[in-house]
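What follows is one structure encoded as structure tokens, with my remarks underneath.
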Amino acid sequence: MGKTKSNHSNLKNAIIAFLAPLPSIFFYIYFLNHYSDSEHSLSSLWSWCYHNPFLLANLFFFFNINVMFWAIGHLQSSHWMIDPYWTVIPLLLAYYYATHPIATYNMWRSRIVIMLTFLWSLRLSHNYFRRENWQWGAREDWRFTDMRQQYGKNWWWVSFFAIYFAQQIFLMGLTLPYYTIHTVEAPWSIWDIVAIAVCFAGIVVAYYADTQLHEFSTKNAELKASGKPFLPTLEDGLWKYSRHPNYFGEQLWWWGLGIFAWSLGQGWIFVGAFVNTLCLAYVTVLVEERMLKQPFRAEAYRQYQKTTSVWIPWFKSSSLEETKDKTN
């Protein structure tokens with residue numbers, strides 16, 4: 001009975017997730033088919049949409065994600081849907097900017113960036129669903145749950161700004177390189193090669209870091225099921241050289257996209273990557289505080305903090321060797 005209910009909920013959430021973006025998609029397709037029709041009753045609207053691609057993208061985000069996802073989240077008492085969509089919104093925006101009628105760009109740069117974004121999206125989506133045991137909407141982000149308890153009866157309106165509106169500002173700023181890439185036509189340069197290398201390195205690093213973390217979590221779950229002691233910290237693979245190699249890989253990705261925009265004369269767009277780094281710094285603090293609150297791993301994690309780089313992979317500090325010598 002419980003399994004049947006779970007399958008029903010999974011199917012329902014999958015259908016909701018697939019249907020959710022359709023209003024924006026249908027509107028955009030209709031616009032593409034009618035924007036050049038000066039006799040159309042909505043010609044003034046089409047003209048505005050034609051000349052303001054960035055503002056139009058923000059309207060799509062506001063109404064289709066902020067308002068609709070927020071309403072769905074309250075109806076379901078779980079704001080889970082923003083997480084899987086975080087993995088595809090950048091890809092949708094890249095394709096949107098590339099297909100907008102006013103777009104002008106280097107074809108190969110656009111194709112490579114969209115292909116890289118597809119790989120980034122595939123990696124992040126795979127990691128999300130693997131972590132959630134291939135379930136749709138099984139749970140919301142633990143930070144949202146904490147905020148729900150913190151704000152209590154005010155959560156219904158605070159959630160709109162804390163989860164959705166804040167992420168619109170953040171994500172639309174972070175994805176500005178896509179807008180630049182599709183509004184500036186310039187020949188291929190050496191900096192495009194650098195940007196590709198940084199972006200691809202970010203995807204690879206994040207993939208292996210997430211896979212190693214998943215294997216560690218799976219092993220701990222098996223140990224728990226068999227009544228054996230947990231492994232307190234992950235210190236193998238990339239995690240031997242960085243406490244958060246997955247965050248490092250993610251930062252490489254966004255800074256790589258910024259290099260594309262910088263090479264096209266829009267270096268100020270690095271602000272998005274910089275803000276993302278600040279946000280990940282804050283998330284790092286939250287995650288590590290959470291680790292230190294778990295009695296079975298607190299002491300081991302403190303030692304891990306002393307010997308291992310936070311983000312950028314680097315060799316263990318000498319204090320680790322001293323600790324091993326004392327142990328032996």
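Not measured: the values here are computed from a predicted model.
Contact detail for Leu264 and Ala186: the closest heavy-atom pair is CD2-CB, 3.6 Å. Contact detail for Leu213 and Leu234: the closest heavy-atom pair is CA-CD2, 3.7 Å.
Taking the six-membered ring where tryptophan is involved, the planes of Phe62 and Phe160 are perpendicular, since the angle between them exceeds 60° and thus also 30°. A tilted orientation is assigned to the rings of Tyr35 and Phe31, their planes being inclined by 30° to 60°. Between His79 and Tyr164, the angle of the ring planes goes over 60°, which puts this pair in the perpendicular group of the 30/60° scheme.
Shown here are the side chain to side chain donor-acceptor pair (under 3.5 Å) partners of Trp86, two or more places apart in sequence or in another chain: Gln167. Judged as a side chain to side chain contact (heavy atoms under 4.5 Å, CB included), and not counting sequence neighbours, the contacts of Leu19 are Ile15, Leu22. With sequence neighbours left out, the side chain to side chain donor-acceptor pair (under 3.5 Å) criterion links Arg297 to Gln294. For Asn52, there are no side chain to side chain donor-acceptor pair (under 3.5 Å) partners at least two apart in sequence or on another chain. Residues satisfying the side chain to side chain contact (heavy atoms under 4.5 Å, CB included) test with Tyr301, not counting sequence neighbours, are Thr233, Arg243, His244, Glu288, Met291, Leu292, Tyr304, Gln305. In this view, Glu289 and Val285, Leu286 satisfy the side chain to side chain contact (heavy atoms under 4.5 Å, CB included) rule, not counting sequence neighbours. Contacts of Thr145 classified as side chain to side chain donor-acceptor pair (under 3.5 Å), with partners at least two apart in sequence or in another chain: Glu140.
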Query - Residues Tyr247, Trp239; criterion ring pair (Phe, Tyr, Trp, His ring centres under 6.0 Å); working and verdict - result: CA-CA 11 Å; Tyr247 294 170; Trp239 299 80; 8.3 Å; no

Query - Worked verdict on Trp311 versus Thr277 for side chain to side chain donor-acceptor pair (under 3.5 Å) - result: CA-CA 11 Å; Trp311 284 340; Thr277 297; over 6 Å; no

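Among residue pairs with one or both ends in residues 103-134, those qualifying as ring pair (Phe, Tyr, Trp, His ring centres under 6.0 Å) are Tyr105-His182, Trp120-Trp253, Trp120-Trp254, His126-Trp134, Phe129-Trp136; sequence neighbours excluded.
Classification of Lys219 and Glu222 as a salt-bridged pair fails, no side-chain N sitting under 4.0 Å from a carboxylate O.
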Using a 3.5 Å cut-off and no angle test, enumerate the donor-acceptor pairs between side-chain atoms of residues 193-201 and protein atoms at least two apart in sequence or in another chain.
none

Cut-off 3.5 Å, no hydrogens considered: what does the side-chain donor-acceptor table look like for residues 90-97, sequence neighbours left out?
residue, atom, partner, partner atom, Å
Tyr96, OH, Pro53, O, 2.6

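Here Phe230 is tied into one hydrophobic group with Phe296, each link being a pair of ILVMFWY side chains closer than 4.5 Å. Think of Trp314 as one node in a network of Ile, Leu, Val, Met, Phe, Trp and Tyr side chains linked at under 4.5 Å; its network also takes in Tyr241, Phe315.
Of the options Arg131, Arg130, Arg123, a side-chain hydrogen bond (donor to acceptor under 3.5 Å, both in side chains) to Asn127 is made by Arg130 and by none of the others.
Separation of the Phe274 and Trp255 ring centroids does not fall under the 6.0 Å cut-off.
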